[in-house]
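Report on one structure; see the data block that follows.
Worth saying up front: this structure is predicted, and the values here are computed from it rather than measured. Note that ligands are numbered from 1 as they come in the structure, with each ligand's atoms numbered from 1 the same way.
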Amino acid sequence: MRKFLIAGNWKMNAAPDAAYKLAEEIASGWKDNTFSSEALLCPPYISIPAVAEAFKGTAFKVGAQNVHTENDGAYTGEISTGMLKVAGCEYVIVGHSERREYFHETDELVAQKAKKVIDDGLIPIVCVGEVLSQRKEGIHQDVVQRQVDAVLNHLGKDESDNLVIAYEPVWAIGTGETATPEQAQEIHQFIRELITRHWGSESSEKVRILYGGSMKPDNAEELLSQKDVDGGLIGGASMKAESYNEILKISETI
Ligand code: 13P
């Protein structure tokens, strides 16, 4: 049985009360707490303590959706890795396409965040992926290569155990349109080869590569069955306990 990372990204949804309820509902679907995949939910910052509380005594983990590169200081509105650790986070999503698009995060900044997260003992989930026009132009591999290289150039092969990359084709996010399993595998394999070029094959096998973009119970099995798909980063379908748990259950059968 493969060990997947099944991660939910709640984006700007679920205030602390709603987040606590949803987290409790998800965890209560696993009374005996036995699953071999790793299960992670990433609520908005303000709801992290509520979700951590709801997950106490369970195997579910909590993560953040973003972080700043400094430890503390005059950075109004920002949150540091240290704060996230105290709140119970183990993972941090970095460079989501929504942050790249709406908050102008560059490859360089995303790489700095990934490095900071690893240095401080958390695991970054670095998001990469092309927009529709880039896929239509046939330059999706170039785009993904630029995004992945920027991060790998800041890290060393010893950090491969603690690096997660999520391939999220932007045209598949929140659209109901999913990459075909073949499209996903092609890019996941390409990302694996890029890592091999930097760090060799032993290290590249250790990096987990997640697929994100309209993953749901209907398509999870065929996506997770691809050789280089090591898990999912799930938006909409992670907002309902039933569909998130269904995907987690599917991951247990592969
Ligand atoms: P959806 O699953 O809603 O398409 O969102 C994917 C995503 O952006 C996860 O980070």
With S80 via side chain to side chain contact (heavy atoms under 4.5 Å, CB included) - residues at least two apart: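 Listed in chain order: M83.
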For A50, side chain to side chain contact (heavy atoms under 4.5 Å, CB included) partners two or more places apart: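 Only P16, Y20 meet the side chain to side chain contact (heavy atoms under 4.5 Å, CB included) criterion with A50.
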Parallel, tilted or perpendicular, as decided by the 30° and 60° cut-offs, for the rings of H188 and Y167: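 Answer is perpendicular, since the angle exceeds 60°.
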Residue list, side-chain hydrogen bond (donor to acceptor under 3.5 Å, both in side chains) with N219, at least two apart or on another chain: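 Partners of N219 under the side-chain hydrogen bond (donor to acceptor under 3.5 Å, both in side chains) test: T178.
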Rounded distance [0.5 Å steps], CD in E246 versus CD in E221: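 CD of E221 is found 10.5 Å from CD of E246.
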Co-membership, hydrophobic cluster, residues V117 and Y91, 4.5 Å side-chain: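 No; tracing contacts between hydrophobic side chains, which count when under 4.5 Å, never links both residues.
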Could you go through ligand 1 and note, for every N or O atom, any protein N or O atom closer than 3.5 angstrom, writing the atom names and distance to 0.1 Å, or 'none'?
| residue | atom | partner | partner atom | Å |
| --- | --- | --- | --- | --- |
| ligand 1 | 2 (O) | S214 | N | 3.4 |
| ligand 1 | 2 (O) | G235 | N | 2.9 |
| ligand 1 | 3 (O) | G236 | N | 2.8 |
| ligand 1 | 4 (O) | G174 | N | 2.7 |
| ligand 1 | 4 (O) | S214 | N | 2.8 |
| ligand 1 | 5 (O) | K11 | NZ | 3.4 |
| ligand 1 | 8 (O) | K11 | NZ | 2.8 |
| ligand 1 | 8 (O) | H96 | NE2 | 2.8 |
| ligand 1 | 8 (O) | E168 | OE1 | 3.4 |
| ligand 1 | 10 (O) | N9 | ND2 | 3.0 |
| ligand 1 | 10 (O) | H96 | NE2 | 3.0 |
| ligand 1 | 10 (O) | E168 | OE1 | 3.2 |
| ligand 1 | 10 (O) | E168 | OE2 | 2.9 |

